[in-house]
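Single-structure report; data block below.
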Amino acid sequence: TSAVKKIKQHIQSINNEIKETTRDKVSKENRIKENIKTLERFKKERCDNNLNYIKSLREHKESIHILTLLKTYLTIVM
């Protein structure tokens with residue numbers, strides 16, 4: 001009958017929506033996992049960059065100190 005056919009079509013439509021929603025859910029979960037990995041990578045890179053900056057800053061300060069000492073020494077010697 002027509003009513004049974006409509007009910008079967010409706011059930012099929014609902015099943016299709018369930019499948020599509022499940023695929024979307026899996027896709028979004030995978031994106032979340034990838035975003036978490038990317039965030040962790042960015043954190044590590046930022047940390048590494050900060051350490052490099054601090055090292056460079058210390059080297060710069062040491063260089064200035066050495067130049068100051070050299071200037072003082074040359075002033076005394078000359």
Side-chain angles (χ1 to χ4, degrees):
T1 66
S2 174
V4 172
K5 187 176 181 181
K6 285 183 181 181
I7 291 172
K8 286 183 178 182
Q9 288 174 343
H10 185 67
I11 290 172
Q12 183 62 41
S13 174
I14 290 173
N15 284 332
N16 288 339
E17 285 183 38
I18 290 171
K19 287 178 185 177
E20 185 177 327
T21 302
T22 303
R23 281 193 306 264
D24 288 345
K25 179 181 175 268
V26 168
S27 174
K28 288 177 179 168
E29 287 172 342
N30 288 335
R31 285 182 58 199
I32 288 170
K33 288 177 186 175
E34 287 301 315
N35 286 341
I36 290 170
K37 288 179 186 177
T38 301
L39 181 61
E40 290 303 314
R41 192 180 85 241
F42 285 163
K43 283 181 183 178
K44 184 186 179 316
E45 288 174 3
R46 185 177 67 208
C47 184
D48 290 346
N49 288 338
N50 285 343
L51 289 175
N52 287 336
Y53 174 76
I54 290 170
K55 181 180 176 187
S56 176
L57 188 61
R58 285 183 181 150
E59 289 172 352
H60 179 73
K61 289 173 93 176
E62 288 175 4
S63 298
I64 290 175
H65 180 69
I66 290 171
L67 287 174
T68 303
L69 290 175
L70 182 61
K71 182 180 174 186
T72 303
Y73 173 77
L74 288 176
T75 303
I76 293 171
V77 171
M78 300 186 130

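Everything quoted here is computed from the prediction, not taken from an experiment.
- To the nearest 0.5 Å, the span separating CD on E34 from NZ on K37 amounts to 4.5 Å.
- For R31, the CZ atom sits in a loose shell: 12 or fewer heavy atoms of surrounding residues, nucleotides or ligands are nearer than 6.0 Å.
- Of the options N49, L51, L57, a side chain to side chain contact (heavy atoms under 4.5 Å, CB included) to Y53 is made by L57 and by none of the others.
- A 4.5 Å side-chain heavy-atom check between S2 and K6 finds at least one atom pair inside the cut-off.
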Test L39 against N35 for side-chain contact (heavy atoms from CB on, under 4.5 Å), laying out the working first.
CA-CA 6 Å; L39 181 61; N35 286 341; over 6 Å; no
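- Ion pairing between a basic and an acidic side chain is recognised when a charged N comes within 4.0 Å of a carboxylate O; K25 and E29 show such pairing.
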Between T21 and I18, is a side-chain contact (heavy atoms from CB on, under 4.5 Å) present by the stated rule, with each step listed?
CA-CA 5 Å; T21 302; I18 290 171; 5.8 Å; no
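- Rounded to the nearest 0.5 angstrom, N30 CG and K28 NZ are separated by 12.5 Å.
- Of the inter-residue distances, the one linking N52 atom CG with E45 atom CD reads 11.5 Å to the nearest 0.5 angstrom.
- Residues E40 and K44 are not paired through a salt bridge, judged by the lack of any N-O separation under 4.0 Å between the basic side chain and the carboxylate.
- Residue-environment remark: CD (Q9) exceeds the threshold of 12 foreign heavy atoms within 6.0 Å.
- Between the side chain of T75 and the main chain of K71, a donor-acceptor pair closer than 3.5 Å is present.
- Rounding to the nearest 0.5 Å gives a distance of 12.0 Å between CD1 of I11 and CG of N16.
- Atom CG of D48 is separated from atom NZ of K43 by 14.0 Å, given to the nearest 0.5 angstrom.
- Without hydrogens or angle criteria, T68 side chain to I64 main chain gives a donor-acceptor distance under 3.5 Å.
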